[in-house]
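Down below is the structure, laid out as structure tokens.
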2 protein chains.
Amino acid sequence: MLDSAERLCVARGSRLTELRRLVLGLVLDAGRPVGAYDLLDGLRADKKGAAPPTVYRALDFLLEQGLIHKIQRLSAFVGCTHVLDASHAHAGGCHPHAAQFLICTGCGQVTELDDRNIVHALVDATRDIGFMVRQSTVEAEGLCGACRTGSPVPARADGAP
Amino acid sequence: MLDSAERLCVARGSRLTELRRLVLGLVLDAGRPVGAYDLLDGLRADKKGAAPPTVYRALDFLLEQGLIHKIQRLSAFVGCTHVLDASHAHAGGCHPHAAQFLICTGCGQVTELDDRNIVHALVDATRDIGFMVRQSTVEAEGLCGACRTGSPVPARADGAP
DNA sequence: AAGTTATACGTTATAATATAACAAATATCG
DNA sequence: CGATATTTGTTATATTATAACGTATAACTT
Ligand SMILES: [Zn+2]
Ligand SMILES: [Zn+2]
Ligand SMILES: [Zn+2]
Ligand SMILES: [Zn+2]
């Protein structure tokens, strides 16, 4: 996964440095939204005196490259589950793709969608009034299937089963 | 406008107190997104020793009543432009309606939409995977018609023309 | 009206998130 | 190599938000 990201960056002429790679690894390992300061704690295992700007700069890079997304409602970051797909990855252009996120308040899990219909509906509605969308944030909060049907899989921060 | 909000609250059995009314007035007067600490400054004109919890509690109430919205990308608040419409106002139910926001990076203006198609697209996409949406955040950043066609109307914080 | 409960507000302190500014190190390219 | 651009280290601070607890006000019940 990290190697794929590296190859993508090389193809784009951007540099996935050791630091950025470390941060990306931490985000991907978590498998759920992680706050910048949690990442900072994790980072300090390898980089003793790391400070907030260290992690925020790495996050900025990863966001630009579309390797991660920021969940605004949680002030947290998740790995992109689409960027490495053949259909989405490309060398040039504006890297962060439009995405939609489903946040389950039961188990904390976040699902990333890449739904053309939602994007279309948004663009249609805005074009009517002359607005040109450059970036969009679409986040829904609710209950995932498992949590609704009573099979909660609380893969939460505390790891409680 | 404030009086309409008051009538709505009375009909719902909630209390638009003087403090909450003051904060709502500040948000509506601004006509654009305002941060909590800007509101706090404004509030201090009337309430000398106001502190953060004062304004955040008022904002929480106004959000619950659907009288204002929070723009997540800006950590700022705007008055709802639909809640007082006859078609939207009602005494019971879950007050904060689904809304979409267009944020112009040119002039800072924010437009609120209440577009059924967008909501539908979102609900459709989520139902497929068993997810039940309770609340949604839809925010688009880009350029409004005026800013695109070169007639920027920078009604910004600093008031610079 | 008096007593009781619930709601709202005041106050202090602190948590959590994010950036500014500048110096030092490292990579890139002619 | 030497010039240039990019990345990282470091310190300090800005911005946004909440915890905790006591007091005041409103609403409800005898
Ligand atoms: Zn993605
Ligand atoms: Zn769940
Ligand atoms: Zn609204
Ligand atoms: Zn504009």
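Here is how names work: the chains are called A, B, and so on, in the same order as the sequence lines, proteins then strands, and each is numbered from 1. Computed from heavy atoms alone, side chains included, the values below leave out hydrogens, waters and symmetry copies. Just so we're clear, the structure is a prediction, and the values are computed from it rather than from any experiment.
Taking the 5' to 3' direction, DNA chain C first and last meets chain B under 4.0 angstrom from a heavy atom at C:dA8 to C:dT12.
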Test side-chain contact (heavy atoms from CB on, under 4.5 Å) applied to A:Ile103 and A:Leu74, step by step: CA-CA 9 Å; A:Ile103 304 161; A:Leu74 305 177; 4.1 Å; yes
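The NZ atom of A:Lys47 sits 9.5 Å away from atom OG1 of A:Thr54, with the distance rounded to the nearest 0.5 Å. The OG1 atom of B:Thr126 sits 11.5 Å away from the CG atom of A:Leu143 when rounded to the nearest 0.5 Å.
Nearest heavy-atom pair, A:Cys144 versus A:Cys104, reported as atom, atom and distance to 0.1 Å: N-SG, 3.3 Å. Pairing each heavy atom of A:Pro33 with each of A:Val110, the nearest pair is CG-CG2, 3.3 Å.
One atom, CD of A:Glu64, and another, C1' of D:dT6, lie 13 Å apart when rounded to the nearest Å. Distance, A:Phe61 CZ to D:dT7 P: 7 Å, rounded to whole Å.
Remark: B:Ser4 engages B:Arg7 in a side-chain hydrogen bond (donor to acceptor under 3.5 Å, both in side chains) (not counting sequence neighbours).
Side-chain atoms of B:Thr137 never come within 3.5 Å of backbone atoms of A:Val138 as a donor-acceptor pair (strictly under, hydrogens ignored). Of the possible donor and acceptor atoms, one in the side chain of B:Arg44 sits under 3.5 Å from a partner among the backbone N and O of B:Ala50.
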If you restrict it to nitrogen or oxygen atoms, what contacts under 3.5 Å exist between nucleotides 18-28 of chain D and the protein, and what is each distance?
{"from": "D:dA26", "atom 1": "O3'", "to": "B:Arg15", "atom 2": "NH1", "distance (Å)": "2.6"}

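Within residues 39-51 of chain A, the residues that place at least one heavy atom under 4.0 Å from DNA chain D are, in residue-number order, A:Ala51. Within residues 70-78 of chain A, no residue places a heavy atom under 4.0 Å from DNA chain D.
In the hydrophobic clustering of this structure, B:Val10 does not group with B:Leu19; members are Ile, Leu, Val, Met, Phe, Trp, Tyr whose side-chain heavy atoms approach within less than 4.5 Å, directly or through other members. In this structure, A:Val23 is a member of the same hydrophobic cluster as A:Leu2, with clusters built from ILVMFWY side-chain heavy atoms closer than 4.5 Å. At a threshold of 4.5 Å between side-chain heavy atoms, the hydrophobic network of Ile, Leu, Val, Met, Phe, Trp and Tyr places A:Leu113 and B:Ile118 in two separate groups.
The side chain to side chain contact (heavy atoms under 4.5 Å, CB included) test with A:Arg20 singles out one residue from A:Leu22, A:Leu24, A:Thr17, and that residue is A:Thr17.
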Side-chain polar contacts of residues 61-71 of chain A - donor-acceptor pairs under 3.5 angstrom, sequence neighbours left out - could you list them?
{"from": "A:Gln65", "atom 1": "OE1", "to": "A:Arg12", "atom 2": "NH1", "distance (Å)": "3.1"}
{"from": "A:Gln65", "atom 1": "OE1", "to": "A:Ser14", "atom 2": "OG", "distance (Å)": "3.2"}
{"from": "A:His69", "atom 1": "NE2", "to": "A:His97", "atom 2": "NE2", "distance (Å)": "3.2"}
{"from": "A:His69", "atom 1": "NE2", "to": "A:Glu112", "atom 2": "OE2", "distance (Å)": "3.0"}

